[in-house]
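One structure is given here, and the rest of the page talks about it.
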Amino acid sequence: MPELPEVETIKNELIPHVVGRRITGVNLYWENMVLVPSASELRARLTGQKIVSVSRRGKLLIFGLASGESSIIHLRMTGSLLIMPALAEPEKHVRAVFKLDNGTAIHFYDPRKFGKMWLVRDVESVIGKLGMEPFDPSFTPEYLAGIMSNRTAPVKVILGEQSLIAGIGNMYADEALFAAKIYPLRPGKSLSGAEIKRLHRSIRNVLDAAIANKGASVQDYFRPGGETGTAHYDFKVAHRGGKLCPVCRTPIKRIAVRQRGTYFCPKCQREMPR
DNA sequence: CCCGGAACCTGAAGGC
DNA sequence: TGCCTTCAGGTTCCGG
């Protein structure tokens with residue numbers, strides 16, 4: 001599922017295909033995906049617009065338009081944006097098609113229908129509540145310590161709160177906690193200064209490595225050209241329940257944290273450290 | 001404000 | 001073979 005490294009990859013690979021292109025037609029097959037404005041108004045206002053930029057904030061893709069408006073897309077769990085020939089018949093799970101002026105089209109492929117879309121003049125109205133970008137220089141161990149302090153919620157849950165840190169989801173939270181040797185259910189406020197430093201470094205290392213591998217294709221993630229990513233080959237714990245820890249050969253455990261599959265090594269990530 | 005659980009969705013996988 | 005249940009998880013909403 002697209003988290004920061006996957007959305008970053010999609011953004012990078014969409015740019016050469018769409019920047020400078022004009023949208024010549026919009027077909028919507030699942031109108032509930034449009035949050036703002038109405039589906040029919042989005043269709044009308046998007047048609048004819050020129051795309052001037054593509055950027056990422058957290059897990060959101062932002063298409064800057066020549067009018068000054070922005071179209072924003074959240075792929076949620078199973079969404080992909082695929083570059084297709086203009087005449088290609090939309091596959092069963094394609095929820096929207098954006099035709100471009102160069103004989104191609106973007107197909108919004110989303111089996112689970114969780115993806116969302118906005119067309120707004122004020123980008124802040126959509127991204128305004130997002131927290132720090134993990135690669136922002138202001139994302140420091142001190143910032144991480146600040147958001148963990150006074151929290152009894154599991155550190156795994158806090159890592160995934162988009163209003164605090166933007167872009168981390170279920171799999172990269174597990175990977176970062178493994179790299180930092182921290183048990184996922186530890187209360188946020190229980191982390192020591194040394195653990196905060198390790199976690200801070202691990203978050204950046206894990207995300208950086210995943211971007212270098214063009215994202216992780218564990219379920220329905222496809223890049224705009226239809227290719228998968230390879231970051232999941234490097235996963236140490238995420239989605240590896242029952243397999244052996246690459247560090248100590250202990251079987252990886254799977255538990256549910258807030259109804260989410262959570263994978264960790266019971267030996268490398270002790271409930272009570274030391 | 002904080003915490004935990006349900007709902008939204010559909011396809012895959014497992015049980016009998 | 002086929003029906004039924006469970007699971008997957010990003011985000012929002014709701015109750016305590």
Side-chain angles (χ1 to χ4, degrees), chain A residues 1-10 28-36 39 56-62 72-81 90-96 107-118 125-131 133-134 146-177 184-191 207 210 215-222 228-229 231-232 235 237-243 252-264:
Chain A
M1 22 252 81
E3 301 181 24
L4 187 152
E6 289 74 30
V7 180
E8 178 71 14
T9 300
I10 292 165
L28 296 172
Y29 306 105
W30 173 246
E31 300 199 339
N32 288 358
M33 69 177 274
V34 181
L35 292 182
V36 176
R56 178 194 62 74
R57 178 79 169 89
K59 302 173 190 172
L60 289 159
L61 278 167
I62 305 166
I72 303 177
I73 288 179
H74 197 311
L75 298 169
R76 293 281 182 99
M77 293 175 53
T78 59
S80 297
L81 293 174
E91 193 272 351
K92 177 183 172 188
H93 300 296
V94 170
R95 310 303 180 192
H107 287 205
F108 191 134
Y109 171 88
D110 185 20
R112 298 280 287 284
K113 295 182 172 174
F114 273 32
K116 297 295 175 193
M117 179 169 186
W118 298 257
S125 68
V126 179
I127 68 168
K129 286 180 292 185
L130 289 177
E133 283 288 325
I147 66 173
M148 291 293 166
S149 65
N150 297 322
R151 294 291 300 272
T152 60
V155 55
K156 152 106 185 226
V157 170
I158 301 170
L159 283 182
E161 288 183 19
Q162 303 304 300
S163 60
L164 301 176
I165 308 172
I168 299 177
N170 203 39
M171 23 183 217
Y172 293 108
D174 282 358
E175 287 298 305
L177 287 167
L185 288 177
R186 291 271 304 283
K189 65 181 183 185
S190 75
L191 299 191
L207 295 177
S217 293
V218 296
Q219 273 189 357
D220 300 82
Y221 163 68
F222 297 102
T228 55
H232 52 298
F235 280 176
V237 291
H239 295 96
R240 297 191 68 246
K243 301 204 172 85
I252 303 297
K253 274 188 77 170
R254 179 193 181 280
I255 58 174
V257 178
R258 289 277 230 281
Q259 341 276 32
R260 299 291 173 262
T262 296
Y263 301 87
F264 67 101

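In what follows, every chain begins at residue 1, and chains take the letters A, B, ... in the order their sequences are listed.
End-to-end axis angle for the helix from dC2(B)-dG16(C) to dC16(B)-dG2(C), using five pairs per end and rounding to 10°, comes out at 60°.
Nearest nucleotide to the side chain of Arg151(A), out of dG9(C), dC3(B), dT10(B): dC3(B). Listed candidates were dC9(B), dG4(B), dA8(C). Nearest to the side chain of His239(A) is dA8(C). Closest to the side chain of Arg254(A), from the set dA8(C), dT10(B), dC3(B), is dA8(C).
With sequence neighbours excluded, the residues forming a ring pair (Phe, Tyr, Trp, His ring centres under 6.0 Å) with Phe264(A) are Tyr183(A), listed by chain and number. In this structure, the side-chain contact (heavy atoms from CB on, under 4.5 Å) partners of Glu133(A), at least two apart in sequence or on a different chain, are Leu4(A), Arg56(A), Arg57(A), Asp136(A), Ala166(A). For Arg151(A), the salt bridge (charged side-chain N to carboxylate O under 4.0 Å, His left out) test picks out Glu161(A), with sequence neighbours left out. Remark: Arg254(A) pairs with Tyr263(A) by the side-chain contact (heavy atoms from CB on, under 4.5 Å) rule, at least two apart or across chains. With sequence neighbours excluded, the residues that form a side-chain contact (heavy atoms from CB on, under 4.5 Å) with Pro187(A) are Ser190(A). Residues forming a side chain to side chain donor-acceptor pair (under 3.5 Å) with Ser80(A) (at least two apart in sequence, or on another chain): none. Applying the side chain to side chain donor-acceptor pair (under 3.5 Å) criterion to Lys59(A), with sequence neighbours excluded, gives no partner residue. Residues satisfying the ring pair (Phe, Tyr, Trp, His ring centres under 6.0 Å) criterion with Phe114(A), sequence neighbours excluded, are absent altogether. Partners of Ala210(A) under the side-chain contact (heavy atoms from CB on, under 4.5 Å) rule, at least two apart in sequence or in another chain, are Pro5(A), Tyr172(A), Ala231(A).
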Q: Encode nucleotides 11-16 of chain C as B, S and - characters from 5' to 3', where the letter depends on protein heavy atoms closer than 4.0 Å: B to the base, S only to sugar-phosphate, - to neither.
A: B-----
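Atom CZ in Phe114(A) sits about 8 Å away from atom C1' in dT10(B), given to the nearest Å. Protein atom CD of Glu3(A) is 15 Å distant from nucleotide atom P of dA8(C), rounded to whole Å. As a whole-Å value, the separation of Leu4(A) CG from dG9(C) P is 18 Å. Distance, Met33(A) CE to dG10(C) C1': 15 Å, rounded to whole Å. With rounding to whole Å, Tyr221(A) atom OH is found 19 Å from dA8(C) atom C1'. In this structure, the CG atom of Leu159(A) is 16 Å from the C1' atom of dG9(C), given to the nearest Å. Following rounding to the nearest Å, Arg57(A) (CZ) and dG10(C) (P) show an atom-to-atom distance of 18 Å. Spacing between atom CD1 of Ile147(A) and atom P of dC2(B) amounts to 12 Å, rounded to whole angstrom units.
With hydrogens and angles left out, the side-chain atoms of Asn32(A) and Lys116(A) include no donor and acceptor closer than 3.5 Å.
Contact annotation: Gln259(A) does not reach the phosphate of dG9(C) (side-chain N/O to OP1 or OP2, under 4.0 Å). The shortest distance between the side-chain N/O atoms of Thr78(A) and the OP1/OP2 oxygens of dA8(C) is not below 4.0 Å.
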Collect all protein-nucleotide pairs involving nucleotides 11-13 of chain B in which both atoms are nitrogen or oxygen and the distance is under 3.5 Å.
unit_1, atom_1, unit_2, atom_2, d
dG11(B), OP1, Lys92(A), NZ, 3.4

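Nearest heavy-atom pair across Ala96(A) and Leu28(A) is CB-CD2, 3.8 Å.
Side chain of Glu91(A) to main chain of Tyr109(A): no donor-acceptor pair is present (N/O by atom type, distance under 3.5 Å, no hydrogens or angles).
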